[in-house]
Amino acid sequence: MKSNFLAATGILLAACLLVGCGTAGDGLTRFPVAGTVTFKGKPIEEGKLILLPATSEVGSGPTQVIPIVDGQFDGESTPGMKRVEFYASWPNGKMITLEDGRQVPDSATLPPECNVHSKHELEVKPEANTGLSWEL
């Protein structure tokens, strides 16, 4: 009985190593996607780049979220046409007064044309997709 437990544990461990514990585990091949993003000529300090399948076709790939730090992004995506959305916010120098009287910093965000109404697209090729650049 103890040997069955050890054998089962060994098989489970081997399966985790083959599939890659802590990864998506969906079996889809992903390729590097890296580059820069600026808004009004300045690097986006902190934000997110989101790659969505450009088609609703089944199997067109999952949505990928890639952090933007100091105008740079570096992540992975499944190949194919993607719709690209950008999200970021930053202090605008104004304060908001809450109902309880406390004041908190207000922030500005990227306009909808950069995200929910984005027309930006990217064809992720089955190779390293590096040196990409967007000026928003």
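Considering only heavy atoms from C-beta on, Thr63 comes within 4.5 Å of Pro53 through its side chain. Side-chain contact between Pro67 and Lys48: absent, with no pair of heavy atoms (C-beta onward) separated by less than 4.5 Å. Within the 4.5 Å cutoff, the side chain of Thr78 has no heavy atoms near those of the Thr29 side chain.
Side-chain contact of Ser77 with Gln64: a donor-acceptor pair under 3.5 Å is absent, judged by distance alone. Using a 3.5 Å distance cut-off with no hydrogens or angles, the side chains of Gln72 and Thr36 do not pair a donor with an acceptor.
Pairing each heavy atom of Glu135 with each of Lys40, the nearest pair is OE2-N, 3.3 Å. Taking all atoms of both residues into account, the shortest heavy-atom contact from Lys82 to Pro79 is NZ-O, 3.7 Å.
One finds no salt bridge joining Lys125 and Glu123 here, because no Lys/Arg side-chain nitrogen approaches an Asp/Glu carboxylate oxygen to under 4.0 Å.
Using modelled atom types, no side-chain atom of Asp106 and backbone atom of Val104 make a donor-acceptor pair closer than 3.5 Å. The closest donor-acceptor contact from the side chain of Asn129 to the backbone of Pro32 lies under 3.5 Å.
Linking ILVMFWY residues whenever their side-chain heavy atoms come closer than 4.5 Å, directly or via other members, leaves Val65 and Phe86 in distinct clusters. Using a 4.5 Å cut-off between side-chain heavy atoms of Ile, Leu, Val, Met, Phe, Trp and Tyr, with links allowed through other members, Met81 and Leu51 fall into different hydrophobic clusters. Cluster annotation: Ile50 and Ile66 are assigned to distinct hydrophobic clusters (Ile/Leu/Val/Met/Phe/Trp/Tyr, side-chain heavy-atom contacts under 4.5 Å, transitive). Taken together through direct or relayed side-chain contacts under 4.5 Å among Ile, Leu, Val, Met, Phe, Trp and Tyr, Leu110 and Leu132 form part of one hydrophobic cluster. Using a 4.5 Å cut-off between side-chain heavy atoms of Ile, Leu, Val, Met, Phe, Trp and Tyr, with links allowed through other members, Tyr87 and Ile44 fall into different hydrophobic clusters.
Taking CD1 of Ile68 as the reference point, atom OG1 of Thr38 lies at 10.5 Å (rounded to 0.5 Å). To the nearest 0.5 angstrom, Phe73 atom CZ is 14.0 Å from Asp70 atom CG. The OG atom of Ser107 sits 11.0 Å away from the NZ atom of Lys94 when rounded to the nearest 0.5 Å. Leu122 CG to Leu49 CG: the interatomic distance, rounded to the nearest 0.5 Å, is 8.5 Å. With rounding to the nearest 0.5 Å, the separation of CG in Asn115 from NE2 in His117 is 8.0 Å.
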**Asked** Between Glu85 and Arg83, is a salt bridge (Lys or Arg N to Asp or Glu O under 4.0 Å) present by the stated rule, with each step listed?
**Response** CA-CA 7 Å; Glu85 295 183 357; Arg83 186 168 159 271; 2.4 Å; yes
**Request:** Give the C-alpha distance, both sets of side-chain angles, the deciding distance and a yes or no for ring-ring contact (aromatic ring centres under 6.0 Å, His included) between Trp134 and Phe39.
**Result:** CA-CA 8 Å; Trp134 276 284; Phe39 179 66; over 10 Å; no
